[in-house]
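I have placed the structure first, in the form of structure tokens, so that the comments after it can refer back to it.
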Amino acid sequence: MIRIPSKLVEAIRQNVSDSETVNAAQLRANYQSNKDHQGMYDTYLMSRMPATYAAISRVLQEIPLDANVETVLDIGSGPGTGLWAVRERFDTLESYVGLEGDQGFISLAERLNTSISEHVVAWMPGRYPKGLPNIKADLVLMSYTVGENSPETVAKTIDHVWAHNVSEWLVVIEPGTPKGFKSILEIRAYITANGGNIYAPCKGNYNCPLIGQDWCHFSVRLERSQLQKKIKDATLPYEDEKFSYLIVRNTPVALCEESSRIIKKPMVRPGHITLDLCNESGYERKTVSKSQKETYRTAKKVEWGDSL
Ligand SMILES: C[S@@+](CC[C@H](N)C(=O)[O-])C[C@H]1O[C@@H](n2cnc3c(N)ncnc32)[C@H](O)[C@@H]1O
């Protein structure tokens, strides 16, 4: 379960127009009407930002803590969700640049982030690919933004980003839908053809065994704040966010033959656990029975999205 930092929960509460009176029906109406811009920002802050924060945080857990990430470029940074997540993960963070095409989101990002100013933070207005800077960053993040653009725009953007921005890590996150996975696959194909090394969810540049069969996606559980519960008319203290992702690195990845990704929720049944595993040799469904003591103990602990 991902906890949303209390400072972020509070910053969101302070930056929505009327957190006291807002309700679920009003938010749904705001979301459907592009005319009410303020309503759209309110909706994003209350209902999407906590979920995208959780997805980014979960994906960043794949990158080792000692990766020495000092500089970050966040492309399509929205209200600065990525800044909150990278600073939580890496205490080595020194500077962060957010590129964003919507001035309203930039203003929001500035307001939200006043309480976490210990890093050098810059918000850069501009639309990619044209507005992309020529700066190198240890980690380049694109979260929940690629799908808002045409394949041509994405292709030009990745071309620039890979050549001019990524020093070591590129992280792309999309909604956990067939469409989101398709975008991830297109970026994966470009990267493998251009010298990048796929780091996660697969370790290695092999052909994705799921193409044409299924879509690779994961789920992260996040704690719901009082405000989130209220605006969603929800009673559950948590929600699940589905996402697809890709982590690429510049340095060649050490391949570990044993390493498989758990690509579905493990099915726990009396006396056995069924795991859906994906690795270089393909996709495999494996059943571990209680009699396989050591393996069963391990299988009981693993979750969807872990590697084994
Ligand atoms: C769904 S929001 C995601 C925001 C943030 N990355 C997150 O994960 O919460 C997508 C953001 O990407 C921005 N965006 C989409 N296409 C863009 C482009 N071509 N250039 C700059 N920003 C773009 C949008 O304005 C929006 O703020």
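Only a predicted model underlies this, so the values are computations on that prediction, with no experimental measurement involved. Counting convention: from 1, in listed order, for ligands and their atoms alike.
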**Prompt:** Given that the side chain starts at C-beta and the backbone is N, CA, C, O, which of these parts of Asn149 lies under 4.0 Å from ligand 1, counting heavy atoms, or is it both or neither?
**Reply:** side chain
**Request:** Could you list the atoms of ligand 1 found under 4.0 angstrom from a heavy atom of Thr81?
**Result:** 5 (C), 7 (C), 9 (O)
**Request:** With heavy atoms of Gly78 as the reference, note each atom of ligand 1 found under 4.0 Å away.
**Result:** 4 (C), 27 (O)
**Request:** Quick one: pull up CG in Leu210 and CG in Asn207 and give me the separation to the nearest 0.5 Å.
**Result:** 12.0 Å
**Message:** Could you tell me, atom by atom, which parts of ligand 1 come under 4.0 Å of a heavy atom of Asp102?
**Reply:** 25 (O)
**Message:** Please check this pair: side chain of Arg261 against backbone of Gly305, looking for a donor-acceptor N/O pair closer than 3.5 Å.
**Reply:** yes
**Prompt:** With backbone taken as N, CA, C and O and side chain as the heavy atoms from C-beta onward, which portion of Tyr53 lies under 4.0 Å from ligand 1: side chain, backbone, both, or neither?
**Reply:** neither
**Rounded distance [0.5 Å steps], OH in Tyr206 versus OG1 in Thr192** = 12.0 Å
**Request:** Considering the heavy atoms of Gly101, write down every atom of ligand 1 situated less than 4.0 Å from one of them.
**Result:** 21 (C), 22 (N)
**Item:** Any N or O of Thr153 closer than 3.5 Å to N or O of ligand 1
**Value:** no
**Request:** Any atoms of ligand 1 less than 4.0 Å from a non-hydrogen atom of Phe105? List them with their elements.
**Result:** 27 (O)
**Message:** Counting only heavy atoms closer than 4.0 Å, does ligand 1 sit against the backbone of Glu148, its side chain, both, or neither?
**Reply:** side chain
